[in-house]
Amino acid sequence: MTIGRMENVEVFTAEGKGRGLKATKEFWAADIIFAERAYSAVVFDSLVNFVCHTCFKRQEKLHRCGQCKFAHYCDRTCQKDAWLNHKNECSAIKRYGKVPNENIRLAARIMWRVEREGTGLTEGCLVSVDDLQNHVEHFGEEEQKELRVDVDTFLQYWLPQSQQFSMQYISHIFGVINCNGFTLSDQRGLQAVGVGIFPNLGLVNHDCWPNCTVIFNNGKIELRALGKISEGEELTVSYIDFLNVSEERKRQLKKQYYFDCTCEHCQKKLKDDLFLGVKDNPKPSQEVVKEMIRFSKDTLEKIDKARSEGLYHEVVKLCRECLQKQEPVFADTNIYTLRMLSIVSEVLSYLQAFEEASFYARRMVDGYMKLYHPNNAQLGMAVMRAGLTNWHAGNIEVGHGMICKAYAILLVTHGPSHPITKDLEAMRVQTEMELRMFRQNEFMYYKMREAALNNQPMQVMAEPSNEPAPALFHKKQ
């Protein structure tokens, strides 16, 4: 796939949405429509010592820049590749005496690139950073205050010998980062590690039920088709997770991205009945439903507190109690039930209580399948985790089925070359082999499995975090 070859798309004026991108030819599920390298990108403040500043891969051992002692790299190759972008940053950090936050570092990297190359279109770009939306005029009082602080700090950090930009231009760049900053994930796509600006991607409009997805893979983003896209059709991605009622999604989009969503799912409130689903027989009264929503929200707050303190057994206790109370009231697609199922299955897996975790994970996946687009990346990741949990619990048939399902989704959303898809392919082959053995001789299978698990340490699930799954676009908290 050639980076920057943009003949598959063209810019047009989308009704009521400003600029957008449309397909110039037909696409099918899993097709890469375009790939793009970041115009500029930085590692998050919290991960600067653990992630390579060039390729954004997490590594155990990183080399650091001998001069500023800040930048970290996999090896000499990554360090050499970074020098053009790091040179001014290196001098600025030494002069300033400390490292500014990620937003200021990214703004400076963008402006040093503008200084080097000018403000026109760079090769393969359909839009310049000057022409990207900044929405500064929509900033609330708190955001305006933050912007002033960032601009002041930026001016202290910026090298006096570098080109001097106007306050208006500096504010524009901070605005662009605020509403176009794309979240970069580590090599396996499991953790958000940085933020970057991708001008072409910034032209793709939002839809809650989009026809494309974006994945960060091997130093570039790929815009991938989720199904058949006709020539001339607008290309869309979802800026937020779909798993919410339409009013809540609209509120989130307005607050974070300053627009009113008019997509079909929001206008027709599609799937809201499922998100708020209640039991049919007997149907609970509105009062009972209201009370259960309030109880669920209170419990989620208590869970957040317990999780942040690492009290995982307390989290499990709270989830169990809440699910028991929800049982006669909420349907299996209700958003509050699904949140509980997601948390309790993840935490129980971490605590290695796989049998109980697998029961909750199956219920969660059943609900998700009725709500998400069949080729949604978050659905694929959730099904993969549920499959692993079931495999660990010894439910080999269910585990293998889920791993196959997740693999089929990730082939579309991530593609066969993505590390997580390769991992999943290896798991699929292993569980298929185990399933054959299980069907031939169940007793021998369990004996061999027991021996294997006793001889090698159990692959423990990652520690649960309060962080949500990496969002598409990065918003400063």
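Note that the numbering runs from 1 along the sequence shown for the chain.
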Lys61 meets the side-chain contact (heavy atoms from CB on, under 4.5 Å) criterion, sequence neighbours left out, with none

Salt bridge (Lys or Arg N to Asp or Glu O under 4.0 Å) pairs touching residues 74-94, sequence neighbours excluded, are Glu89-Arg109

Atom CD of Glu309: over 12 foreign heavy atoms under 6.0 Å
yes

N/O donor to acceptor pairs below 3.5 angstrom from side-chain atoms of residues 39-53, sequence neighbours left out:
residue	atom	partner	partner atom	Å
Asp45	OD1	Glu102	N	2.9
Asp45	OD1	Arg105	NH2	2.9
Asp45	OD2	Glu102	N	3.3
His53	NE2	Val48	O	2.9

Less than 3.5 Å apart, which donor and acceptor atoms pair up between the side chains of residues 16-23 and the rest of the protein, not counting sequence neighbours?
residue	atom	partner	partner atom	Å
Lys17	NZ	Glu234	OE1	3.1
Arg19	NH1	Asp131	O	3.2
Arg19	NH2	Asp131	O	2.7

Can you name the side-chain contact (heavy atoms from CB on, under 4.5 Å) partners of Ala92, sequence neighbours left out?
Trp112, Tyr157, Leu159

Could you tell me whether the side chain of Gln164 and the main chain of Pro160 form a donor-acceptor pair under 3.5 Å?
yes

Listing request: all salt bridge (Lys or Arg N to Asp or Glu O under 4.0 Å) pairs with a residue in residues 152-163, at least two apart in sequence or in separate chains.
none

Got a sec, which pairs hit salt bridge (Lys or Arg N to Asp or Glu O under 4.0 Å) with one end in residues 169-197, sequence neighbours left out?
Arg188-Asp423

Test side-chain hydrogen bond (donor to acceptor under 3.5 Å, both in side chains) applied to Glu291 - qualifying residues, sequence neighbours left out
Arg294

Pairs involving residues 331-342, ordered by first then second residue, that meet salt bridge (Lys or Arg N to Asp or Glu O under 4.0 Å) (sequence neighbours left out)
Asp332-Lys370

For Lys145, the side-chain contact (heavy atoms from CB on, under 4.5 Å) test, sequence neighbours excluded, returns Glu142, Arg148

Residue list, side-chain contact (heavy atoms from CB on, under 4.5 Å) with Lys297, at least two apart or on another chain:
Ile293, Tyr336

Taken in chain and number order and not counting sequence neighbours, the residues that satisfy side-chain hydrogen bond (donor to acceptor under 3.5 Å, both in side chains) with Asn375 are none

Counting only N and O atoms by type, is there a donor-acceptor contact under 3.5 Å from the side chain of Arg37 to the main-chain atoms of Gly219?
yes

Counting the benzene-type ring for Trp, do His135 and Tyr257 have ring centres under 6.0 Å apart?
no

